[in-house]
Undergrad: 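Below is a structure I'd like to ask you about.
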Amino acid sequence: MREIIVKTKEEIKTFKESFNFKCFSLDTETTSLNYSNQELEGISLCDGSTIVYIDFVSINDYSVIKDCFPSELISSKFRDCIVICHNCVFDFKVLKKYGLSFNSAEWFDTMVAHHLIDENSKHGLKELANKILGYDIVSYEVAKKSKELFYKYALNDALWTWELAILFSKELKEQSLEMLFRKIEMPFLRVIIEMETNGFLVDKEEIVITKHKLRDLVFELEKQMLDILGEKYVFQYTLTGEMSIKSNINFNSTEHLNNILFKKLGLQPIETTKTGKNKTNKKTLNILKGKHEFIEILEQYKTAQKLLNSFYETLENYIDPDTKIRTHFNDTGTRTGRLSSNSPNLQQLPKKNESLSIDVRKCFIASPGKKLIVADYSGQELRVLAQISNDTAMIEAFKSGKDFHQETANQFGVSRTIAKSINFGVAYGKSAKGFSNDWNCTEEEAQQFLDKYFNSFSGVKKSIDECAIFLRRNGYIKSLTGRRRRFSKNEKGYYPSSAYRQAFNFLIQGFSADMIRIAGIKLLNLKHRNPEWKMNIIACIHDEYVFEVTEKYINEAKTSIKETMESVVNFKVPIISEIGEGYNYGEAK
DNA sequence: TGGTTCAGCGCC
DNA sequence: AAAGGGCGCTGAACCA
């Protein structure tokens with residue numbers, strides 16, 4: 001393999017003459033992993049016979065980036081070219097900052113490919129190069145110590161990506177994953193880039209005000225608890241001038257809570273953890289409530305502390321200079337094919353807390369002149385369950401357009417809440433024992449109810465059984481889009497019961513995840529067809545998208561978004577998208 | 001000091 | 001024997 005290091009503008013011309021841009025791998029080196037302040041250091045490329053590293057630190061002129069590629073490739077005329085990256089989202093986000101995109105090319109992401117091929121292991125380039133290609137790995141920190149080492153490191157990234165692509169391309173075909181990869185996964189990466197570069201505007205002032213309100217509340221509740229327990233404490237001032245309490249008790253410690261609840265207050269333990277200690281969780285406190293005035297204050301304290309520590313104290317650290325939060329959406333983060341989100345995790349923002357009247361979602365707002373639109377699939381997973389099990393009764397229930405949980409409730413003569421819990425429970429593989437705990441009845445009674453349920457929804461029962469048979473025969477299960485989930489036998493040679501639950505749930509969750517991907521691809525097209533809307537896709541929360549659109553076009557956009565989302569699949573059950581609007585996320589939901 | 005595990009809890 | 005799927009983040013406790 002020929003190796004070329006490009007350090008001058010002239011050398012760019014030279015390498016281009018002999019490089020094959022029809023199909024090549026690409027990797028970028030940057031100064032930082034953080035989108036807002038990262039700068040490009042270099043680009044490595046590999047076409048199978050040559051590896052090139054273009055050192056922009058040496059060239060010291062970013063205006064020549066476009067000269068590194070044939071103009072047809074970046075001007076969207078060159079339609080039969082393949083660009084391979086390990087984590088396209090990262091590299092293309094960086095290049096986008098320098099005005100470079102490969103929108104006309106076909107993308108091949110080796111990280112995403114590996115996730116489809118082996119969802120149970122890690123997908124880092126270094127891990128794969130070592131495990132699959134057998135290369136020795138040098139860490140980034142070590143490579144950074146000398147220029148020569150760093151060049152080698154950068155060249156290797158492009159080489160390994162190239163070699164992995166050759167292997168994975170074959171593997172995707174063999175496992176019938178190619179359509180899913182090319183028609184859903186690769187186009188969807190553009191949606192992730194759209195969301196991650198747009199970011200979500202936040203109301204800094206709202207965050208700060210509520211943060212102080214919560215700090216005061218936590219302080220007050222802590223004082224009350226110490227008073228009730230008769231514990232000594234003193235006041236302290238932090239460096240920022242906030243008052244705090246110093247005592248021998250830490251109410252965040254499960255050990256301390258164990259001592260207080262079950263020794264000092266003499267309350268009866270409810271459950272134990274797997275390491276044998278008494279649980280001090282929400283469920284326990286709920287059962288103990290009423291036995292002692294301390295419990296209710298502790299519950300409030302836990303709620304306030306959680307909001308404070310997990311959200312209000314940390315959200316500020318993620319705010320970019322333009323007052324936007326840019327979450328990472330991880331396409332390869334789950335075994336089921338769902339997206340995950342981190343830094344911060346937008347998929348776990350608390351709903352409004354009525355008793356404290358605190359709404360984290362209120363801090364996430366629309367850009368000036370725009371309004372947020374939130375669109376979610378109504379009962380997505382249950383509709384998918386009805387479809388994949390082809391259950392006549394369930395399909396009819398959805399077709400009627402009535403409230404599905406209420407219909408179930410009427411049919412079995414139970415409350416809506418109970419009906420809802422069984423509908424979801426079944427999709428998760430919950431057992432009679434599990435239901436009996438929830439409903440406060442015997443296991444036999446729960447079993448009788450389950451039998452009745454499966455008698456009515458016999459298609460569901462049948463598909464659960466078929467799923468188990470398929471798993472036992474093949475060691476994996478595959479969804480309607482061809483996505484697979486593989487399972488391992490335990491040391492005794494059979495699949496644990498959890499595998500059967502996970503397998504069946506995967507059929508629902510995995511398909512739903514691809515359904516939201518297809519919707520995203522179509523929604524991005526909708527955006528491009530209507531530039532005057534200035535529509536941005538901002539976030540994806542499992543069965544929901546968040547957008548911002550110029551106010552004037554809100555109604556038009558809402559109608560189109562709803563239509564787009566409802567037409568992604570052709571199912572026997574209707575697919576319904578519910579749309580809301582507002583100036584902040586709490587209001588729009 | 002920095003890493004891991006555990007318990008707990010937020011969301012879909 | 002356990003007994004509902006999927007995540008990420010927090011602080012405490014523990015360990016080297």
Side-chain angles (χ1 to χ4, degrees), chain A residues 119 249-258 271-286 298-299 302-315 317-318 327-330 332-353 358 360-361 376-382 384-385 420-438 443 446-447 450 464 467 477 485 490 492 496-513 516 539-545 585 589:
Chain A
E119 76 289 352
I249 294 187
N250 181 352
F251 293 107
N252 299 321
S253 159
T254 49
E255 303 254 308
H256 288 198
L257 287 181
N258 249 284
E271 288 175 303
T272 54
T273 66
K274 63 176 175 185
T275 51
K277 282 172 261 181
N278 294 326
K279 286 193 175 183
T280 59
N281 62 10
K282 233 177 168 177
K283 189 184 168 197
T284 304
L285 295 185
N286 203 31
L298 178 61
E299 282 183 317
K302 282 195 164 198
T303 307
Q305 184 76 305
K306 173 82 181 176
L307 282 168
L308 186 60
N309 288 339
S310 292
F311 302 99
Y312 286 94
E313 294 282 12
T314 54
L315 235 32
N317 304 330
Y318 294 112
T327 292
H328 295 266
F329 291 95
N330 188 352
T332 61
T334 69
R335 297 188 204 300
T336 56
R338 262 194 182 181
L339 290 189
S340 71
S341 146
N342 62 48
S343 314
N345 182 352
L346 270 194
Q347 297 173 332
Q348 59 169 175
L349 289 182
K351 292 175 170 174
K352 184 173 183 178
N353 183 304
I358 284 177
V360 183
R361 299 182 179 206
D376 69 75
Y377 281 121
S378 158
Q380 188 195 20
E381 295 204 337
L382 289 174
V384 170
L385 168 61
K420 194 173 172 180
S421 77
I422 188 164
N423 284 330
F424 282 112
V426 165
Y428 297 154
K430 195 168 183 166
S431 67
K433 175 71 182 170
F435 284 117
S436 71
N437 286 337
D438 289 2
E443 200 175 324
Q447 187 58 55
L450 264 180
I464 292 173
C467 174
I477 202 80
R485 183 161 181 186
N490 61 18
K492 287 168 195 154
S497 54
S498 60
Y500 292 98
R501 293 194 293 273
Q502 290 165 335
F504 186 68
N505 180 258
F506 164 75
L507 293 179
I508 303 168
Q509 202 186 107
F511 181 78
S512 300
I516 202 83
C540 177
I541 296 105
H542 304 305
D543 62 348
E544 158 191 332
Y545 278 109
Y585 183 40
K589 243 314 228 175

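Sequence lines set the chain letters: A, B, ... in the order given, protein chains first and strands last, and positions in each chain run from 1.
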Undergrad: Who pairs with A/Asn342 by side chain to side chain donor-acceptor pair (under 3.5 Å), at least two apart in sequence or on another chain?
TA: none
Undergrad: Does A/Val384 form a side chain to side chain contact (heavy atoms under 4.5 Å, CB included) with A/Leu507? I'd like the steps, not just the answer.
TA: CA-CA 9 Å; A/Val384 170; A/Leu507 293 179; over 6 Å; no
Undergrad: Report the distance from atom OH of A/Tyr585 to atom NZ of A/Lys351, rounding to the nearest 0.5 Å.
TA: 9.5 Å
Undergrad: Would you indicate what A/Glu255 reaches in the nucleic acid, counting non-hydrogen atoms under 4.0 angstrom: base, sugar-phosphate, or nothing?
TA: sugar-phosphate
Undergrad: Classify the nucleic acid contact of A/Asp376 as base, sugar-phosphate or nothing, counting any heavy atom under 4.0 Å across all strands shown.
TA: nothing
Undergrad: Just to be sure I understand the rule, does A/Arg338 reach a base, reach only the sugar-phosphate, or reach nothing, if contact means heavy atoms closer than 4.0 Å?
TA: base
Undergrad: Could you walk me through whether A/Lys430 and A/Ile422 pass the side chain to side chain contact (heavy atoms under 4.5 Å, CB included) check?
TA: CA-CA 8 Å; A/Lys430 195 168 183 166; A/Ile422 188 164; over 6 Å; no
Undergrad: Can you name the residues that form a salt bridge (charged side-chain N to carboxylate O under 4.0 Å, His left out) with A/Asp543, not counting sequence neighbours?
TA: none
Undergrad: For A/Tyr500 and A/Cys467, what are the C-alpha separation, side-chain angles and deciding distance, and is it a side chain to side chain contact (heavy atoms under 4.5 Å, CB included)?
TA: CA-CA 8 Å; A/Tyr500 292 98; A/Cys467 174; over 6 Å; no
Undergrad: Remember a base hit wins even if backbone is also touched, and classify A/Ser497 as base, sugar-phosphate or nothing at under 4.0 Å, heavy atoms.
TA: nothing
Undergrad: Check nucleotides 6-10 of chain B for protein N or O atoms closer than 3.5 Å to its own N or O atoms and list the pairs.
TA:
residue: B/dA7; atom: OP1; partner: A/Thr273; partner atom: OG1; Å: 2.8
residue: B/dA7; atom: OP1; partner: A/Thr275; partner atom: N; Å: 3.4
residue: B/dA7; atom: OP1; partner: A/Thr275; partner atom: OG1; Å: 2.3
residue: B/dG8; atom: OP1; partner: A/Thr280; partner atom: N; Å: 2.7
residue: B/dG8; atom: OP1; partner: A/Thr280; partner atom: OG1; Å: 2.9
residue: B/dC9; atom: OP1; partner: A/Lys282; partner atom: N; Å: 3.3
residue: B/dC9; atom: OP2; partner: A/Lys282; partner atom: N; Å: 3.0
residue: B/dC9; atom: O2; partner: A/Lys306; partner atom: NZ; Å: 3.1
residue: B/dG10; atom: OP2; partner: A/Lys282; partner atom: NZ; Å: 2.6
residue: B/dG10; atom: N2; partner: A/Gln348; partner atom: NE2; Å: 2.8
residue: B/dG10; atom: N3; partner: A/Gln348; partner atom: NE2; Å: 2.6

Undergrad: Would you list the pairs meeting salt bridge (Lys or Arg N to Asp or Glu O under 4.0 Å) in which at least one residue belongs to residues 276-285 of chain A, sequence neighbours left out?
TA: A/Glu255-A/Lys277, A/Glu271-A/Lys283
Undergrad: Kindly indicate, with the supporting measurements, whether the criterion side chain to side chain contact (heavy atoms under 4.5 Å, CB included) is fulfilled by A/Arg501 and A/Ser498.
TA: CA-CA 5 Å; A/Arg501 293 194 293 273; A/Ser498 60; 3.5 Å; yes
Undergrad: Hey, could you give me the CG/NZ distance between A/Leu308 and A/Lys306, rounded to the nearest 0.5 Å?
TA: 12.0 Å
Undergrad: Counting any heavy atom closer than 4.0 Å, what does A/Ser436 reach on the DNA or RNA strands: base, sugar-phosphate only, or nothing?
TA: nothing
Undergrad: In whole Å, what separates the P atom of B/dA7 from that of C/dA2?
TA: 15 Å
Undergrad: Hydrogens and angles aside, do A/Asp438 and A/Ser436 bring a side-chain donor and acceptor to less than 3.5 Å of each other?
TA: no
Undergrad: Take atom P in B/dC6 and the same atom in C/dA3, then report the distance between them in whole Å.
TA: 15 Å
Undergrad: So what does A/Gln502 touch, heavy atoms closer than 4.0 Å: a base, only the sugar-phosphate, or nothing?
TA: sugar-phosphate
Undergrad: Using a strict heavy-atom distance below 4.0 Å, which residues from residues 420-433 of chain A are in contact with DNA chain B?
TA: none
Undergrad: Going 5' to 3' along DNA chain C, which nucleotides are the first and last within contact of chain A (any atom under 4.0 Å from a heavy atom)?
TA: C/dA3 to C/dA13
Undergrad: Mind checking the CG-CG spacing from A/Leu285 to A/Leu257? Nearest 0.5 Å is all I need.
TA: 7.5 Å
